[in-house]
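Working notes, structure below.
One-based numbering, in listed order, for ligands and for the atoms of each. Values below: all heavy atoms of this structure, side chains included; hydrogens, waters and symmetry mates excluded.
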Amino acid sequence: MKLAVVGSGYVGLVAGACLAELGHDVLLVDNDSEKMGMLLRGEVPIHEHFLPELISRNRLLGRLRFSDSIASAVQTSSVIFIAVGTPAMVNGAPDLSYVEAVASAVARHVGDFKVIVEKSTVPVLTHQEIGKVMMLNGAPAESFEVVSNPEFLREGTAVLDFLFPDRIVVGADGERSADMLRQVYEPLTSGAYYSQPDAIPRPATFTGKARLLVTSARSAELIKHASNSFLAMKISFINAVANMCEAVGADVQEVCQGIGSDSRIGEKFLRPGIGYGGSCFPKDLLAFRLVAEECGLEFGLLNEVINLNEYQRKRFVRKVRSALWNLKGKKIAALGLAFKGGTDDIRESPAIAVITALCEEGAEVTVYDPKATDRARSVLKDTVKYASSPYDACSGAHAMVVLTDWQEFAELDLAIVRRALRHPIVIDGRNLFPREKMLAAGLHYYSVGRPTAVPKPATQSDSHDVQEMLRQIGEPLSNLSA
Ligand code: UGA
């Protein structure tokens, strides 16, 4: 099929490349000339596993092309995916002006029947607004149908999530558009794609074929916001439970195992830490809350999820303060800038929020991230120092704090870390290390929802004073429960 994807951000680029991978002819449209220039030169503007391979092989096959012209996209395609940004405005509502601009531009070039697909995350009933704008800009009602086809792509595994989905949701109010979307995804629902010799390797957890669910457009729009809000709720819930574990000396990992083994609850998204971030959860929670308000509904649970998330960041800063006493003048190695491991995205990153708070209290922070440093530089500027490796960041620091769950950090040589640090203190906001390993390395280890690990006193090499200090700061963090 001939498809167009308007918007070449995370969603548009991944969707465009994956739709081409399924054998469709895809025209990816963006008016950002810098981004288009990069793509045309064969560069990929985002760090995403498998994406460079998909883009280059589908370009070579002539199935993926780039353009800055919506007109040619509409004229040559039967299905047009809108994947432009919907950034949050000051009041928490998503800015839908880019969606409107694309819909008006598309409307001006509609000839034969087109399906307009809402891929960007939008509040419920946006499909109706798109329809109205199309008609106001001259598209006859019978010349198009608007479909909601939300994405469930996680950054870092977006290509796998697209090609091996838990479900594909098609919110279509007309049979014609529902059928066209069924055709778009047919290589996944029939399983044909998975038997291709050059298909992206199937993850071990994926069995069978993709499941496609057809709903009304408004249900599909709600499914997206409700899914993200539910996942965020799981994270805030486990963070609150982790805090209780700290208060009573329990281990959140054991608790997670216990509750996650209940198949009704499930073990996924129960990793406690410094709160969720990224371009989706924070924005979608605010937007969903606003939709509820506009419907005249009390959805106080969403407030709690948001508040707990804010609290978790602040609590972590207090944990650092509690471990180091005064932060003013303390040198801190901060590992991680991205909002989670596997991506270079720093949007709404809890790591950046924590680092900013530490700097505001006078700490001298040296940061390291395997992928996100360039992006972070534009935000943190010269308020921090930038290290070339985790060990470099730790050199002479009073403590190491772990803020992003990069696998690289979990594999650090702890003996080198121990030697590099001025004081053997690690405060881990992602629970990356087994406590026993930290103890064996002689590190004093604070994590989230697990008892603090304090090394045995009086080794040959450590002076009495340092041991005494370690014992003192190993006291339960009772002042955190305030
Ligand atoms: C999220 C959803 O997982 C996707 O399904 C959805 O399509 C996407 O938003 C979107 O709306 O576009 P993403 O933002 O890439 O994907 O990241 P997640 O992997 O969901 O993580 C979000 C945040 O929660 C990260 O800061 C992560 O570190 C944190 N997290 C996640 C936890 O703190 N604990 C967990 O157990 C899981």
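For atom 5 (O) of ligand 1, the nearest non-hydrogen atom from the set Tyr10, Phe162, Phe152 comes from Phe152. The nearest non-hydrogen atom to atom 18 (P) of ligand 1, considering only Glu155, Arg347, Lys268, Lys340, comes from Lys340. Comparing Ser279, Cys280, Pro282, Gly336 against atom 10 (C) of ligand 1, the shortest heavy-atom distance belongs to Cys280.
Taking 4.0 Å as the cut-off between side-chain N and carboxylate O, Lys319 and Glu246 count as a salt-bridged pair. The existence of a salt bridge linking Arg218 and Glu221 is excluded, since no basic side-chain nitrogen approaches an acidic carboxylate oxygen closer than 4.0 Å. Salt bridge annotation for Glu361-Arg321: present, with a cationic side-chain nitrogen under 4.0 angstrom from a carboxylate oxygen. Asp251 has no carboxylate O lying under 4.0 Å from a charged side-chain N of Arg450, or vice versa, which leaves the two without a salt bridge.
Cation-pi geometry between Arg167 and Phe152 is met: under 6.0 angstrom from the ring centre, within 45 degrees of the axis.
Contacts between Lys283 and ligand 1 below 4.0 angstrom, taking non-hydrogen atoms only, are absent altogether. Residue-level proximity to ligand 1 for Leu270 is carried by the backbone, the only part with a heavy atom below 4.0 angstrom. The proximity of Ile235 to ligand 1, defined as any non-hydrogen pair under 4.0 Å, is limited to the side chain.
In terms of protein heavy-atom proximity, atom 1 (C) of ligand 1 is closest to Phe281 CE2, 3.5 Å. Closest protein heavy atom to atom 12 (O) of ligand 1: Glu151 OE2, 2.7 Å. Here the protein heavy atom with the shortest distance to atom 7 (O) of ligand 1 is Leu153 N, 2.8 Å. In terms of protein heavy-atom proximity, atom 34 (N) of ligand 1 is closest to Arg271 O, 2.9 Å.
Taking the six-membered ring where the residue is Trp, Tyr445 and Phe433 present perpendicular rings, their angle passing 60° and hence far from 30°.
Taking distance alone, with nitrogen or oxygen atoms compared against 3.5 Å, Gly278 stays at or beyond that limit from ligand 1. Polar contact check, Arg154 against ligand 1: no nitrogen or oxygen pair lies under 3.5 Å apart. Between Leu231 and ligand 1, no pair of N/O atoms sits closer than 3.5 Å.
Taking every non-hydrogen atom of Lys224 and a distance limit under 4.0 Å, the qualifying atoms of ligand 1 come out as 6 (C), 7 (O), 10 (C), 11 (O), 12 (O).
Heavy-atom separations between Arg430 and ligand 1 include at least one value shorter than 4.0 Å. The closest approach between any non-hydrogen atom of Gly273 and ligand 1 is not below 4.0 Å.
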- Message: Ser447 vs Asp428, test: side-chain hydrogen bond (donor to acceptor under 3.5 Å, both in side chains). Steps then yes/no.
- Response: CA-CA 5 Å; Ser447 52; Asp428 180 0; over 6 Å; no
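Once rounded to the nearest 0.5 Å, the distance linking CD1 of Ile168 with CD of Glu151 reads 13.0 Å.
Taking the six-membered ring for Trp and the full ring otherwise, the centers of Phe206 and Tyr194 sit less than 6.0 Å from each other. For Tyr276 and Phe339, the ring centers sit 6.0 Å or farther from each other.
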